[in-house]
Each structure stands twice: as structure tokens, then as C-alpha cells.
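Single-structure report; data block below.
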Amino acid sequence: MDLPKAYIPKEYEDKIYKKWEDSGYCNPDNLETRGQARSFTISMPPPNATGVLHVGHTLGITIQDIMARYRRMRGDKTLLLPGTDHAAIATQNVVEKMLKKEGTSRHKLGREKFLELTKNYVEKNKSTINNQTRKMGASCDWSREAYTLSDKLSRVVSMQFKQMYDDGLIYQGTRIVNWCPRCCSTLADDEVEYKEQSAKLYTFKYSNVFPLAIATTRPETKLGDTAVAVNPNDKRYQKYIGKTYQVDFVGVPLKLKVIAENEINPEFGTGAVGVTPAHSFADSLMAEKNNLEVKKVIGQDGKILAGFGKYSNLKTKEAREKIIEKLKSDGLLENQADIKNNLSICYRCHTEIEPLPSLQWFVAMNKEFALKNPALIKKYGKKETTLKEISLWAVKSGEIKIIPEYFAKTYFHWMENLRDWCISRQLWFGHRIPAWYKNNEIYVGSDKPKNSGWVQDEDTLDTWFSSALWTWSTLLERKNFEKFNDLKEWVKNSPDIKNFHPTSVMETMHDILFFWVARMIIMTLYSLNEVPFKTVYLHGMVCDEHGKKMSKSRPETCIEPIEMSQKYGTDALRLSMVLSNAAGNSTRLSEQKIAGFRNFANKLWNIGRFIQLSTNNKQLTTNDKLTTDSCESSVVSCKTLADKWITSRINNLIKEVTDDLENFRFGLAGEKLYDFTWHELADWYVEIAKIPPYGGSAEVGQNSYKILIFIYKTLLKLVHPFAPFVTEKIWEYFGNGDLLIIEKWPQTDEKKITGQAEQDFELIKELITAIRSWRKENKKEPKEILKIQIAAPDKLVGSQKEIIDKLAKVDLEIVEKLVDKDLEIGNLKIKF
RNA sequence: GGACGAUUAGCUCAGUUGGCUAGAGCAUCUCGUUUACACCGAGGAGGUCGUAGGUUCAAGUCCUACAUCGUCCACCA
């Protein structure tokens with residue numbers, strides 16, 4: 001069958017994907033007969049089940065798929081494992097918004113009904129996401145598809161919780177937490193965002209009996225002050241340190257102790273700070289040190305609690321205004337200044353955060369526990385460690401390598417300053433905390449207690465708790481998983497864990513390094529006593545053509561991957577994101593860029609078309625056509641300089657591309673393939689193949705087609721990881737037996753790399769280019785055959801007469817000596 | 001306030017352990033439909049690699065300072 005004139009991606013892509021999927025080749029179990037020794041695993045970062053794929057996902061999927069396809073072709077046991085994340089808080093927010101539009105709320109529906117609704121919503125999104133992942137060409141193993149809130153993974157989560165609880169690494173306690181009054185939930189430290197705002201800095205005295213004035217932007221929290229802190233070296237205030245005052249602050253009695261704290265900056269405000277242990281992280285530390293009373297002022301609804309007189313039940317801002325009015329009328333307000341400060345807001349709904357004390361569950365980062373895995377203990381050097389210590393060690397020691405390397409610093413900094421991780425959330429959608437209460441008793445377990453009267457904790461777990469287990473929870477045996485009551489037992493009886501863990505590469509965007517990557521390291525080192533992955537590859541942000549982050553709120557800046565795939569083909573989209581980009585760097589994407597790579601796919605296609613059309617009447621034996629895998633370079637013998645040159649070039653290409661892929665230089669590898677295809681193979685060798693006797697029926701001609709076929713087949717294999725659809729389609733057109741996806745990755749044949757041939761041919765290229773340029777400058781008719789004389793020191797130029805004549809449109813004569821010359825290249829003299 | 005990254009042709013970016021006469025794509029200009037491809041071919045123009053020093057036989061690449069942009073972290077009441 002003949003290839004059509006142009007490559008029309010949308011006519012082929014879905015069918016090709018179906019072929020891959022039906023072949024079962026993406027499931028490593030089906031390729032066992034090849035006897036691979038190495039395994040290669042990527043747990044694909046699960047997209048949130050809230051929406052559809054955007055270009056950021058496409059970039060990630062592409063890089064992951066390039067690695068997977070390359071490794072599969074190398075013969076490694078390759079697993080690309082797909083899945084979705086339930087994204088607790090994000091999903092609940094979206095569903096709640098939908099309910100609000102319909103005039104109802106989760107509270108009106110009740111927990112059960114709400115969860116059912118959310119489940120349906122998630123199911124719908126999951127199937128959209130999966131189809132889009134297919135559209136992007138991901139060669140993942142759908143038989144192992146996972147979901148963070150599946151029954152299986154939920155059980156893993158409960159078991160992990162129980163184990164950590166038993167080890168004392170999970171505890172319940174009252175601590176100041178970031179509280180979002182809108183979500184009515186806690187937030188982890190890194191789920192808090194900051195927004196600059198203009199604020200007023202009020203300077204006032206609590207009362208006339210208290211000697212010091214303080215400055216604050218939040219006077220309403222001062223209702224809960226139990227101390228005033230000053231710098232111990234501040235001469236103004238030294239005499240007050242240690243004294244306690246009973247004051248009346250806007251009608252509310254306060255007992256204030258003056259304490260000394262080194263952190264207090266005497267230059268700022270009045271140099272005296274009101275300490276509010278219940279509603280400030282910094283103040284709560286001071287309170288702990290100084291044994292201060294913690295007095296709650298603000299409730300979980302964001303309103304002033306009862307017991308504060310006329311301020312009770314007011315929203316914080318209303319209370320603030322009332323308090324300022326009162327201070328003014330009492331003559332206590334000394335100053336109010338406009339300043340800029342940062343407001344902490346919820347990363348999901350952008351509501352102002354209230355730090356407040358609350359009873360929550362935490363993961364202890366600095367508590368010692370014992371390692372059990374002898375291999376890890378040996379490498380680490382001791383048995384006792386903390387989650388923080390072992391996680392720092394994993395990257396410092398090189399057990400985990402981060403690419404680009406400079407992100408390791410960011411990781412260390414974050415890890416070193418990590419506080420205990422608050423994991424309970426007051427949400428409905430998510431993993432319910434596996435703790436039950438009865439009177440004053442508490443029971444923690446993976447199953448609910450047998451006897452009656454126990455009530456389960458109302459809260460759910462932080463969504464990152466379950467995704468932290470992703471690399472291995474997805475690999476645990478799923479058959480009869482309910483029978484396992486012990487996590488260790490389950491791990492031991494899971495062949496996939498043995499075969500595929502630790503995973504090879506974690507490929508994701510750098511913004512998720514803390515949220516997710518760091519937590520996988522923490523949790524996996526704890527439960528499996530091994531690293532979750534050996535390498536972390538971080539890609540950058542995909543920006544619009546002006547370098548701005550694409551954002552849903554500005555739809556005009558967004559490039560929709562599915563739309564682009566329809567228009568230009570998935571291969572073009574993949575190439576446009578990966579080529580000319582290095583790890584960690586953000587990349588700018590534009591439709592124009594994608595169109596450029598559509599042209600490349602078409603170029604590749606048309607080289608195939610040329611080969612097909614020309615070999616049809618070349619009477620090559622079946623063995624020489626593209627129908628076999630006789631792709632070893634030993635089967636071709638080079639007869640001409642051009643043969644030697646292109647064979648040398650492709651072997652160099654194999655070497656370099658392989659090396660680049662091994663070292664995560666995807667952009668560079670892609671560019672080399674692009675250059676070779678267009679500017680070496682198409683522009684030169686294909687053109688030469690058209691020239692008699694190269695393109696004729698003579699022996700040289702037939703041989704050059706054999707070489708062309710060999711080069712092209714090798715190239716298709718090399719390009720396949722980057723542009724899987726077009727290469728697979730061409731492979732199919734040429735009637736090859738099996739799919740390209742499992743073809744053997746080409747091997748470099750060092751003997752065919754010949755510097756001399758490359759150098760000689762470069763000179764011929766240079767000569768042809770120089771003649772063309774001279775023609776143009778001298779305004780020669782394009783079709784006119786020019787007679788030229790060349791004086792050359794050796795036989796090289798003479799031996800390439802046919803090529804030079806045809807490609808430069810000349811009739812070349814070699815002479816011994818030239819008196820005058822029009823052109824000089826190296827030691828060649830040319831006369832027109 | 002701290003850390004990290006970027007700064008290379010009009011635009012978007014590559015450039016691996018220093019070896020470069022600094023590359024590509026797009027855009028632009030000239031010419032051309034030659035037996036794959038106009039989603040094409042040929043040729044041209046366009047750069048003191050942010051600035052100032054330093055190391056070196058050799059610096060886009062390494063070091064120091066500065067400037068501009070970006071990202072992350074912390075957050076001072």
C-alpha cells in the first residue's frame with residue numbers, strides 16, 4: 001500500500017493507540033519471554049480528579065513516555081503506571097461550588113449523599129483524564145491503573161496510619177494550626193499562600209495602667225494577649241521585665257507579663273510586642289518557653305468567641321473596628337500608619353487564614369524510630385533515626401539524585417525547617433481517619449473495632465498522606481488484598497514491589513517538590529525502609545508565548561493540548577514541548593511552534609514515501625525492504641563516500657542520542673534527531689540517492705537504497721520515543737511484522753564511525769554550497785549548467801564528480817593548475 | 001529579608017566535563033515548482049553571548065561584584 005502524500009495525524013492516532021493497548025506490550029508481564037534483567041519503573045504523577053489535562057500534564061506525560069519507550073526498546077522490564085488522585089480539598093471545593101449553584105450545600109445533603117455525588121463526579125473526570133492520557137500517547141500499563149481513594153489504597157492508608165501510630169510517629173495533640181474558616185479545615189504549612197495587602201499598623205496602650213504601648217495590625221487578637229515581649233537589651237523597657245500587670249483592655253480584663261525575647265526588634269513599632277499565644281505561631285513558641293496561658297479569642301467560624309463582652313460573635317474585622325473606636329475614644333490610640341504586609345490565605349479558596357489552636361493529628365518529624373531493613377541500616381550507618389534525618393540523608397548521600405541538581409538545596413532547606421505535619425482535615429471527601437473513640441478510650445486500626453459503641457473520628461486525612469505512598473501502594477498485590485492485616489506481610493507478598501520498587505524516576509514539576517516528592521521520600525523510607533525512587537527529574541513550567549503562566553482564569557493564554565493534538569498531531573505537540581528545553585527551565589509554548597513540528601512529522605513521513613515510491617521499481621529483494629528487522633549496520637556495505645558518511649553519521653547519532661537519553665537530556669537528543677533527519681538525511685543523502693548511478697539500476701544504485709532503508713529504519717526507532725504515532729504508522733505501512741514499540745533499540749557500530757569519511761564529505765558539502773552561493777551572487781540562471789574547473793591536491797573532488805555536478809548544476813573538470821581563480825575553499829581553487 | 005534560576009540573532013530557545021570560526025526554529029529578504037514533502041528546496045542578512053573585573057594557552061561555559069527579570073522559602077508584631 002502506498003503512503004498518502006501528507007501525514008494526517010488524526011486519521012491514524014486513535015487506531016495506533018488501540019494497537020498498542022491491544023498488544024499488551026505496555027504490561028511488562030507480557031514481555032517476560034525477552035528475559036530482561038533490568039527493570040524500569042515510573043509511577044506517573046496522578047492528575048487531580050477535578051478536571052481535565054492541561055499542557056503541564058502533557059509535558060510530564062511526554063517526558064515520562066519518552067523514558068519508558070526508550071527503556072522498553074532497550075529490553076528493560078518497563079512499567080509506566082497510570083492513575084488519578086482524589087485531591088480531597090480541591091475536589092470537595094469544586095463539588096461544593098456546584099452544589100451552591102444548585103442552591104444546596106453539603107450540610108443539607110448529609111455526608112453519605114455528598115460523598116456519593118462526589119464519587120460520581122470523580123468517576124466522570126477519571127475517564128476523561130484517562131482518555132486524554134491515551135491521546136498523548138502514554139505507553140502506560142492500564143491493567144495496573146490506580147486511584148488514591150480506591151478500596152485497596154484506602155486500606156494501605158489505614159495500615160500506614162496504624163503502623164505510624166503504634167510507632168509513636170503519629171499523635172493527636174492541640175497545636176496552633178492554619179485554619180481556613182471557609183473550608184472549615186486545617187491546612188498544612190505549605191498549603192498557605194501569601195498575598196501582599198495594605199494594612200493599618202495601630203500603635204496603642206492596652207490601658208492607662210500599663211506603661212508600654214504596642215503596635216499591631218490585628219487589634220482584635222489582643223483580646224487573647226497574655227504577655228508583652230521586649231528585647232532584653234532595650235534600655236527603655238528593661239525595668240519592666242518580669243513584672244505582671246492586671247489591665248482592662250477595651251472592657252476585657254487581661255493579665256500581662258512583660259517578658260524578654262531576643263527576636264524582638266527594638267526598631268520596629270514601639271519595640272514592644274503583644275503576645276497572643278493562641279493566634280500566632282511565633283507567639284505560641286514564646287508562650288511555651290515562658291509558660292504563658294493560652295487564651296483563645298477566635299473560633300473556627302472566624303468569629304470572636306463567647307466571653308469577650310460586646311465583641312463576642314463579631315467577625316474579626318468588625319471586632320477590630322469596634323476596638324479601634326473604643327481605643328480612640330479612651331485616648332489610648334497613639335498612631336495609625338499605612339503599611340504593606342503579607343496576608344496568609346488558603347491556597348484553594350484564597351480565604352484569609354486564622355492561626356488557632358485545635359486538636360489535630362500530626363506526623364512527628366523529629367521523633368526517633370528504628371529502621372528494620374538491614375540493607376538500609378548498613379548504608380545509613382545506624383539503626384535509630386527520625387523521619388527528618390533519614391529523609392535528609394537520602395538526598396545528601398546520593399541514594400536519591402535530583403535533576404537539576406540545584407533543587408537539592410531547596411529540598412534541604414525545606415526539610416531542615418519542617419515542623420510536625422498536620423494530617424487531619426475537617427473535610428468529608430478523603431480517607432476517614434482510622435481512629436475510633438468510646439468514652440475516654442481511643443482505638444486506632446485498619447478495621448473498625450469489633451464491639452459496639454465506638455464512634456469514628458469525623459475527620460479525613462490530608463490528600464498528600466495517600467499520595468505520599470504512591471510509588472508502592474500502587475504496586476501492592478491487589479488480589480484478595482483484604483486478607484492482609486499487616487502491611488509488612490502485604491509488602492512481602494507483592495511480586496510487583498519486588499520487581500518494580502524502588503521506582504526508577506519520579507518525573508514531575510518542581511512546584512510539587514515539597515507537597516509531594518519530599519513526602520514520598522519521608523513516608524516510603526519509613527514504611528519500606530527504602531527510597532521511593534532513585535532519580536527525581538523536575539521539569540519547568542509551561543508558559544504562554546509571553547512567558548506568563550497559563551492560567552484557567554485567563555483562558556486566552558491557555559493552549560489546550562487536545563485541541564492542538566487534533567489540529568497538528570500529538571507527535572507535534574510532544575516535540576514542541578520537549579525539544580529545546582532543559583530540565584527545570586520553564587518553556588514557552590505557542591501554536592506556531594507546534595505547527596513547526598507538524599512539518600517535521602510530515603518530513604519524516606515523506607522520506608518514507610520517497611523510499612517507498614523509488615524502491616517499488618528497484619527490484620530489491622524482500623530482505624532489503626523495510627519488512628524485516630535486518631537493521632544491523634553489518635548487513636549494509638558502503639560503496640561510496642556518501643554511503644560511508646551517512647552510515648558514520650547515523651552511528652554517531654545512535655551513540656549520542658542513547659547517551660543523552662541515559663542522562664536525561666531529552667531536549668538535546670530530540671534536536672539531534674531533528675537535525676539529522678532534515679539536514680543530513682533529507683537534504684543530502686536522499687538527494688544523492690536520486691542521482692544516477694546512485695539512483696539508477698546499477699549496483700551502486702541498488703546499494704544506496706539498501707543503505708537508505710537501513711538508515712531510515714534505524715532513524716524511525718530512534719525517533720519513536722519522541723514521536724511515537726508517526727513512526728509507528730510508517731512502520732506499519734512498510735509492512736513490518738511486529739509493532740515498532742517493541743523493536744530493539746539500535747546499537748552503535750563503532751567500526752562504521754569514520755572520521756575521514758565525515759571530513760571528506762563535509763568538504764564536498766562545503767564545495768557544493770560555495771558553488772551555489774557563487775551562482776546566486778553572480779545571478780546565474782537556476783537551470784544553467786556551468787562549466788567549472790577545479791584544481792585539487794588529491795583525487796577526492798574528482799571522485800565525487802556526479803554528486804557535485806548534479807547538486808550544484810555544474811559540469812566539473814579537474815585540472816592540475818589554475819592561473820586565476822574565482823573561489824577558494826581550503827586548498828581547492830575554482831574557476832568558473 | 002534569604003535562597004535559587006534566567007539574561008545568547010527581531011522573537012522563542014539550545015549549547016554536556018572550558019576547545020566555538022557561537023547553533024536551531026520562527027519571522028525577514030532573494031531565487032526556485034528539479035521524479036518524497038510548498039507542512040518544500042536553494043541562497044542571504046542578522047550576535048562585541050546582561051555589565052564590569054578575574055582565572056586560563058583557551059571563557060557563552062569557571063570565579064567575584066553589580067543590574068534587570070522570574071521562581072521558591074521565611075514573614076516582624
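Reckoned from all heavy atoms, side chains included, excluding hydrogens, waters and symmetry mates. Within every chain, numbering begins at 1; the chains are lettered A, B, ... in the order of the sequence lines, protein sequences first and strands thereafter. Worth saying up front: this structure is predicted, and the values here are computed from it rather than measured.
Residue A:Asn585 has no polar side-chain atom (N or O) positioned under 4.0 Å from OP1 or OP2 of B:U71. OP1 or OP2 of B:C13 has not a single side-chain nitrogen or oxygen of A:Asn581 nearer than 4.0 Å. Contact annotation: A:Arg772 reaches the phosphate of B:G43 (side-chain N/O to OP1 or OP2, under 4.0 Å). Look at A:Thr769 and you won't find any side-chain N or O under 4.0 angstrom from OP1 or OP2 of B:A42. A sub-4.0 Å separation between OP1 or OP2 of B:G41 and a side-chain N or O of A:His679 is absent. Contact between the side-chain N/O atoms of A:Arg218 and the OP1/OP2 oxygens of B:A77 is not found at any separation under 4.0 Å. Distances shorter than 4.0 Å separate none of the side-chain N or O atoms of A:Lys409 from OP1 or OP2 on B:A3. In terms of phosphate contacts, A:Trp678 brings a side-chain nitrogen or oxygen within less than 4.0 Å of OP1 or OP2 of B:G41.
Judged by atom type and distance alone, A:Glu687 does not reach the base of B:A42 through any side-chain donor-acceptor pair under 3.5 Å. For A:Arg665 against B:U16, a side-chain N or O and a base N or O form a donor-acceptor pair under 3.5 Å. Side-chain atoms of A:Arg598 and base atoms of B:C39 include a donor and an acceptor less than 3.5 Å apart. With hydrogens and angles left out, the side chain of A:Lys690 and the base of B:A36 share a donor-acceptor pair within 3.5 Å. At a cut-off of 3.5 angstrom, the base of B:C26 holds no donor-acceptor pair with the side chain of A:Lys593. Between the base of B:C75 and the side chain of A:Asn342 there is a donor-acceptor pair shorter than 3.5 Å.
In this entry B:A24 has B:U12 as its Watson-Crick or G-U wobble partner, both defining distances falling under 3.5 Å. Applying the Watson-Crick and G-U wobble criteria (two distances, each under 3.5 Å), B:C49 pairs with nothing in any strand. B:C40 is paired with B:G32 under the Watson-Crick or G-U wobble criterion, all donor-acceptor distances under 3.5 Å.
Ring centers of A:Tyr411 and A:Phe514: at least 6.0 Å apart, outside the cut-off. Note: A:Phe597 and A:Tyr674 meet the aromatic proximity criterion, with ring centroids under 6.0 Å apart. Checked against a 6.0 Å centroid threshold, the rings of A:Trp605 and A:Tyr733 count as neighbours.
Two residues, A:Ser773 and A:Ala682, neighbour RNA chain B, and the one matched to the more 5' nucleotide by heavy-atom proximity is A:Ala682. Remark on RNA chain B: of its neighbouring residues A:Gly596 and A:Lys776, the 5'-side contact belongs to A:Gly596, judged by nearest-heavy-atom nucleotide.
When side chains are defined from C-beta on, A:Ser704 does not count as touching A:Ile688, because their heavy atoms never get closer than 4.5 Å. The shortest distance between side-chain heavy atoms of A:Leu254 and A:Lys222 does not fall below 4.5 Å.
One interatomic measurement links the two molecules: CD1 of A:Ile594 to P of B:C26, which rounds to 15 Å at whole-angstrom precision.
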